[in-house]
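The block underneath contains the structure these notes are about, expressed in C-alpha cells.
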Protein chains: 2
Amino acid sequence: MLIKLAIITAIALTGNVKSLRFRDPVAHTAPQQRSSHGRQYEGLMWDLAPEFNAAVVFAEHRFYGKSQPFGNESYKTVRNLGYLSSEQALADFALLVRHLKNKRLSIAQNSSVIAFGGSYGGMLAAWMRIKYPHLVEGSIASSAPVFWFTDMSKSVPEDAYNYIVKRSFVNAGCIERNILNGWKALENLSATISGRAYLNHLFRLDQKSYLNSSGDWVLLREYLEDIFESMAMVNYPYPTNYLAPLPGWPVKVACQFFKSNKTSNEDYAQSLFEIMNLYYNYTGERKAFCVNPEVCKDSAYEALGDTLGWPWQSCTEMVMQQCSSGPPNDFFIKNCPFTIGGQESQCMSVFGKLGYTKSLMRPHWSILNYGHQYPTATNIVFSNGYLDPWSAGGWSLKSEVTGPLISIIIKDGAHHYDLRGKHQLDTNSVKEARRLEKLSIKHWLKQAKLKFQKI
Amino acid sequence: MLIKLAIITAIALTGNVKSLRFRDPVAHTAPQQRSSHGRQYEGLMWDLAPEFNAAVVFAEHRFYGKSQPFGNESYKTVRNLGYLSSEQALADFALLVRHLKNKRLSIAQNSSVIAFGGSYGGMLAAWMRIKYPHLVEGSIASSAPVFWFTDMSKSVPEDAYNYIVKRSFVNAGCIERNILNGWKALENLSATISGRAYLNHLFRLDQKSYLNSSGDWVLLREYLEDIFESMAMVNYPYPTNYLAPLPGWPVKVACQFFKSNKTSNEDYAQSLFEIMNLYYNYTGERKAFCVNPEVCKDSAYEALGDTLGWPWQSCTEMVMQQCSSGPPNDFFIKNCPFTIGGQESQCMSVFGKLGYTKSLMRPHWSILNYGHQYPTATNIVFSNGYLDPWSAGGWSLKSEVTGPLISIIIKDGAHHYDLRGKHQLDTNSVKEARRLEKLSIKHWLKQAKLKFQKI
C-alpha cells in the first residue's frame, strides 16, 4: 500500500490584518499536489479569510517542496534526514508564528492564530494546538489519523484502511466478487505467453514493465490495488485533480465496471483496465503505464524530489500499522499482520544505503509524545469523512463534542473534503461541517478577545 | 552572579504500588547537592508516598550526575553537548514513565503519575504536565522560575534577584549601609601593601589567590557577593546542608555582623569575613579560601564534573536575564543591563574551545516553546518562597487559584522549602503549602480515577 498522506498546513492570523493577505502563498503540499496547489485544495481557508480579516499563510514543512534544509543534499544521508521530523516541523511553525507577528505582519501582533491542516497536516494542526497552545488559538484538523500508530493497535485495527476502501466501493455499487474475479483473471492470463501478451497490450504497459513470467501479474495487481486505495481517498462529488484528474464520485464511476458479471478472463481483466484508465488517464493523454516500481523508479515519481519524505517519517517516528487481511475484510492481497520487523526491512531496503539502521525506528514515540488521549487539549475540531479510509485512525469515529474538542464525521466525505473551497455540487454534510468549523473559530476568537481584555 | 538552580525531579506513581518503593533512588541533583542527596531535600515525596501507596522514582537529568550519554566525552564537544537540553530531558522522562509502567513497575500500569521538582527541576515538572499531560496527572513545581527568560523582561525585571536578596537581608536586620561600607573597606585596604596583607590574612586566602594589586579586591567582593546571593536562597529555619552546612535562619545569623556601625575599615572587613566563614566554614574545618575563579578552576569546583551543565543550558536555551543595578536596588556591583551580547561573550569564553558559536544561543526559544502563559494547562501547583530570590521569575507573585492552576507563596520560605521533609521547626506557611499540595494531588488522583471509570 502506498501511503499518501497529503500535507496541507496553513496558519491564519485573524483580526486587523485586512488586505494583508499574502498574495503568493507557498503551498505546503505533498508531491502529488505540488503542481496543482492553490485555492482548490485549500479553499476553506481562502473562503473564510475575508470574513475574519485573516491573513492566510502556508507553512511549508521542512524537507518538502522548496524547504530543503541542505539543498540537494537534504535526502542524501541519514545525518541530514535526521532533521526531518514532525517535532522539528512544529518548532518551525512556532518560530514562524513569532516571526510573522514580530516582523512580517507586525500589524497582527495581537491577532489570534488558527491552524488548519489536512491529513498529516491535520495531525500537525492538532499537535500544534496540543504542544503550543499559547501560540495557536485553535485548530481545524481535517482527516488527521492521529491515533493510527502502533501503540494504538487495539483501537485502530491494522486492516481498517482497506476495510473502508471495500466498504466505499461496495456501497457505490461494486460487486466484490467481480473484483476478486478480476484478480483471478490476471493470474490466469499471466500463466501463458499469449495471456501475458494480451495483458501487456490491454494495460498498455510500457515495454520496460512488461509481464514476462507467470508471477509478474502480482506487480500489476499491486499497481491496481493502489488505485483502489487512492481512489477511495479522493472520492469527491465533483471532478477534481487532487492525486489525479478524476470525475465526480469516481468510485461510483469505477463501479460501473464491476456491476455486472462477466464470462471470460479477458472481460474481467478489461474491467480492471477501465479503473486504471479512469484513475491515471482521465484526461486521455496517457499512452503507456509502468507498473514495476523497480524499473520505474527514476521516472516522474522520483523526479519530484521529496517522495522519500513520508517514507522517511514512516521509518522513524510515523510508524503506522497498516496491512490487508484479504477477503472478507477487503479485496486485497493478504499481507497482515503488520510487524515492526517487516517495516524495518522495508526501511532498510529504501534507506539502508543512506546509513539507516533499525535503531532509528521509534514506533512508540508518536503516541508517547503527542498522546494516546488529549486530557488538557481544547479548541480542536477533528473532522473525518465516512468515505475516507484514513478516518479509521481519527480522533473519533463518530460526531461528538467532548468539552472543548469536537469531532465531525462527514457522511459523504472523502479525504479532507471540508478543506476544499465551496462548490455548487457540495453535499449537505460538508456544508454542515464547514458551518461548524466556522462557528468554532468564531467562538475561539471571542474567547481570545475576552482573555486579552482581562489582561 | 553564580546561578545555582538545583535540579530535583521525581516521579511518583501512585496507587497499588505499596511496598514497591525503590530502595536506592538515583538522586537527580545539582552538583552542589550530589554528596548529600537523600531524604533531606526530597522529603516531601518520601513523606507523601506511604499515604498514596506511591513509588518514588528519581529521574536523573541527562548530562548530570551519573547520566553521561557519552561517558567522559559528554562535555568535550558541542556536538555531544547538543544533546543536553530541557526538551531531551523531558522526552527522557516520557520514555521513563513508559518504561516504568510497561517493564519495571508493571503493577503500576493504571497508576497515575505525579511529577515533583524544585528550581530547574520545578520548571521541568511544570513543563512535563504542559507538554505531556497524557503521561503525568499533575505537577508540583516548587520555586520554578518559569518566566525568567529574556522574552519576559517586562514582567520579570533583570535586577529582581538581587533586589530580593537585599530585601531578605534588610528584613533580617542587616543595615544596608554597613554592607556598602564593607565593600568600601575592602577597596580602601586593597590600595596598600599592608592593607592587602591584612585582607589576605583576615580572609585566610589561599596563597594562589592572594590579593596582589589594588584592583584585586573586586575578586574578593564577587566571591562575597555570591555568598549573599546563595545564602538568601537557602534561608531555611533550621540547620541545613543544601549548598553548604548552615545554621537555621542563616541570613538572620549573618545579619548579626551588619547590625551595628563600625569605626574602621578593618572592622567592616571583619564583618564580611564573618559571613564568609559562616557560609563556607560553619563546620569550622576550612583552613583557606580561594577567591580567584581563574586559578581555582581545577579545584573541587570543576572536579564535580558536570558544573558546566547549567552554564551550557544558559548558553543555549535557558537564557535568563539577570544582573545587578547596584544601590538602591541592591548592594551589589552594578552590571546591568543584561545583554544577549554580554551573555554570548561569556559563553564563548567558556565553551568557545569546544566549538561553541553564538548561533547556538536561542534566547527566545524557552518562552516560545514552553509558553509565556499556559492557556490550556491544568493540575500544576506553582509554589514560591517570599524569601527566595528566584521567586521573582515564578508563575505568579501572589497566592492565587486560576482555574486548575494554583500558586502558593510561602511567606517565610526560601528556595523550594516545601520539597523538604517535615521538621519540628517548620513554619506554619510551609505546613500550609504542603497541606495544599497534598490536597491538590488527592484531587488530581480522584479526577483520574473518575476518568478511568468512564473509559
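These numbers come from a predicted model, not from an experiment. Lettering follows sequence order; numbering is per chain, from 1.
Under the side-chain contact (heavy atoms from CB on, under 4.5 Å) test applied with B/Ile114, the options B/Val56, B/Leu445, B/Val136 reduce to a single match, B/Leu445.
With sequence neighbours left out, the side-chain contact (heavy atoms from CB on, under 4.5 Å) criterion links B/Ala94 to A/Trp365, A/Leu368, B/Met128, B/Tyr132, B/Leu135. Applying the side chain to side chain donor-acceptor pair (under 3.5 Å) criterion to A/Thr378, with sequence neighbours excluded, gives A/Arg129. Every residue two or more places apart in sequence or in another chain was checked for a salt bridge (Lys or Arg N to Asp or Glu O under 4.0 Å) with B/Arg362, and none qualifies.
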- Item | Criterion side chain to side chain donor-acceptor pair (under 3.5 Å) on A/Arg98 and B/His364, from CA distance to verdict | CA-CA 10 Å; A/Arg98 186 176 198 274; B/His364 309 298; 3.0 Å; yes
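Of all residues in residues 77-86 of chain A, those placing a non-hydrogen atom less than 4.5 angstrom from a non-hydrogen atom of chain B are A/Arg79.
Relative orientation of the A/Tyr120 and A/Trp127 rings is perpendicular, given thresholds of 30° and 60° on the angle between their planes.
Proximity to chain B (any heavy atom under 4.5 Å) is shown, for A/Ala377, by neither the backbone nor the side chain. Contact annotation for A/Tyr374: neither backbone nor side-chain heavy atoms come within less than 4.5 Å of a heavy atom of chain B. Of the two parts of A/Leu95, the backbone and the side chain both hold a non-hydrogen atom closer than 4.5 Å to a non-hydrogen atom of chain B. For a residue to count as touching a neighbouring chain, one of its non-hydrogen atoms must lie under 4.5 Å from one of that chain's; by this rule A/Asn102 does not touch chain B. Within the 4.5 angstrom heavy-atom criterion, no atom of A/Asn379 approaches chain B. With a threshold of 4.5 angstrom between heavy atoms, A/Pro133 approaches chain B through its backbone and through its side chain.
For A/Tyr370 and B/His134, the side-chain atoms include no donor-acceptor pair closer than 3.5 Å. Using modelled atom types and a 3.5 Å distance limit, the side chains of B/Asn369 and A/Lys131 yield no donor-acceptor pair.
B/Thr150 contributes no side-chain N or O that, together with a main-chain N or O of B/Gln321, makes up a donor-acceptor pair within less than 3.5 Å.
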